[in-house]
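Report on the structure given below.
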Amino acid sequence: MVDVATQSLDDHAAIARALREKKRRSEKRAGLIKHAFLIACTFIMIYPLLWMLSSSLKPSDEIFGSLSLWPSEVMWETYPEGWEGLPVSFTRFFGNSLFVTVLSVIGNVISCSFAAYAFARLEFKGRNIAFALMMMTLMIPYHVVLIPQYLIFLKAGWVDTYLPLIVPKFLATDAFFVFLMIQFFRQLPRELDEAAMIDGCSAFKIYWAIIMPLSLPAVATAAIFSFIWVWEDFLGPLVYLNDINDYTVPLALRMFLSQDSISEYGQMFAMSILSIVPIIIFFIIFQKFIIRGIAMSGLK
Amino acid sequence: MAGVTLNKVVKDYGKLEVIHGIDLEVHSGEFLVLVGPSGCGKSTLLRMIAGLEEISDGTIAIGDRIVNDLPAARRNLSMVFQSYALYPHMSVRKNLAFGLSNLKMPKDEIERRVSEAARVLQINELMDRKPRQLSGGQKQRVAIGRAIVREPELFLFDEPLSNLDAELRVQMRVELAGLYNRLGTTMIYVTHDQVEAMTMATRIVVLSKGYIEQVGTPHELYTRPQNTFVATFIGSPKMNMIEAVVRGGTVSVPDFGDIALGGGAPDGKITVGVRPEQFEIGSSGPITTQSEVTLVEYLGSEMYVHTRLPSGRIVMVKDAGKAEHKIGDKLPLSLIPEHAHYFDADNRRLPIFDA
């Protein structure tokens, strides 16, 4: 009797083990399929970048002629040639881009967080109407306001300077960032503001010493996005900058095509690759703030 | 140290009035507890004193200064919040020093006060930690520390213990009481927990729906509740309330019998209030009844017996822990008229045996 019972218990254990084994195998298979799919997607996403990288190293007849990602011969010289390939050196263009972008990022972070603090925390007449108006500007495409804006800046005599690109950033015109920060500020407990009020803080001090340090993730997000958007902006500089000495990198890249002679595609792609580098560096630096900020906001 | 005087203080949000003209004198150096159910306006009142809410009407004075339009920082008070509201990005030391450095106090004075507070509250080893690395009780200590370093004239506490577990709450209650004894500063303390109110207060203010129901020492509130609200709110477990009718100066208490009240009670409805410990077990009293035990809550040193009177009404009776009662037992109860509380049809106390 005892034997039979043990026997059948062992049988059950064996069946259970077999089932477990089967499940593990099927999970493994599912995992493989999932990963294969994700890797394929990643490749599709990253392919243009790889193509650009390989094109920047190919001899010019191979760029549109060969499907292979491997250049038959690696042409490193496209980089130094591209750097000096235009009437003005890329040192200048990168400098210009950096100047416009850094000021824009600073402007955006300061002005948008100011506006957001006012909307999220201060009480003033017409706040709701102002908020609604601001949100409406989110829905108007940039291209619609381009012409009226151009006329204003033309009257102000700002065309051909960086002012039209930078000054608006200091006036909290990027409603998206304002909204992003409002949402973040709103979830900070109001009791912190109140404690700070009792501790003798003015509204500005609360913003500066309490709200901003606790909002690093939102501030970093805004900084990263505004860096990318301004750095990549083509239309704005195209409209307002006419002197090649003032050109930003995206405008300069286009010049490789507008030459009368044959287009230097290899050099253009080489410079395109270099134009991405600052974005990557900036992202790597600022994403740390996002993570640190999230770790810190264990508020309770 | 300063007293606080509230004169016809009103708070409204648009059309909704939540505090209806409150007059209150907080004596210098007393521990005043504002207690009431949620939504009674106790926190709003405290926040108005703190300067975090605008005063819609009336005046608030701290000492002899009317502070209606004075910003919170200039009222010379400290406040401890329910959620502690410690600045998450600052170390404990910075949390304590933040308010002082805003006052442009010299560095060595800040240092002296911060280390003094750390010593008093025994948080020395926590000084370099961030709030998120602290337990609830430690956060509470730091929050209190932040309040005492300012050496204010007035401390405000907004339900500071309600986020703590039961054991810690009892411990912090004792520490707060000790702190009050040592500092002797005026304290105003908001809570919904009547046990906190009873154990710590010099005087208690019972609030309900934006009105003051009664102000008095814990003893006064317990022994002479001025209305049925205070009678049932103060004391745990609750006072038993038995509705009855007065005719010709005599009240017929259902299940028990008649009590002669003399001229103190007009004819009509009356409510007889009896605390669980005010019933006497046995049939030796002037009016008695039989009852049947329906539930026994045994607490060790004492027990609460839920018992059904002949009319079906359930009352709660307190007995010593060594007594033996079980469900279904017959329990004779006596009511001593002098021990009971009497409330008229408008729920106001009738001072019949209050001599």
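All chains are named by letter (A, B, ...) in the order of the sequence lines, taking the proteins before the strands, and each is independently numbered beginning at 1.
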Mark yes when over 12 heavy atoms from residues, nucleotides or ligands other than [X] sit less than 6.0 Å from its [atom1]; otherwise mark no.
| X | atom1 | result |
| --- | --- | --- |
| B:Asp64 | CG | no |
| A:Leu38 | CG | yes |
| B:Gln122 | CD | no |
| A:Phe131 | CZ | yes |
| B:Glu125 | CD | yes |
| A:Phe37 | CZ | no |
| A:Glu27 | CD | yes |

What pair of heavy atoms forms the shortest contact from A:Ile198 to B:Leu77, and how long is it?
CG2-O, 3.6 Å
Heavy-atom closest pair, residues B:Asn102 and A:Cys201
ND2-SG, 3.3 Å
Main-chain N/O of A:Ala209 paired to B:His89 side chain as donor or acceptor, under 3.5 Å:
yes
Main-chain N/O of A:Gly200 paired to B:Arg74 side chain as donor or acceptor, under 3.5 Å:
no
Tell me, with the steps shown, if A:Ile210 and B:Phe98 meet side-chain contact (heavy atoms from CB on, under 4.5 Å).
CA-CA 11 Å; A:Ile210 309 292; B:Phe98 185 66; 4.2 Å; yes
So, the part of B:Ser101 with a heavy atom under 4.5 Å from chain A: the answer is neither
Chain A contact via B:Arg75 - which portion, at a heavy-atom distance below 4.5 Å:
neither
Quick one: pull up CG in B:Leu96 and CG in A:Asp199 and give me the separation to the nearest 0.5 Å.
10.0 Å
Could you please spell out the steps behind the side-chain contact (heavy atoms from CB on, under 4.5 Å) verdict for A:Glu194 and B:Met79?
CA-CA 9 Å; A:Glu194 292 172 348; B:Met79 182 156 169; 5.9 Å; no
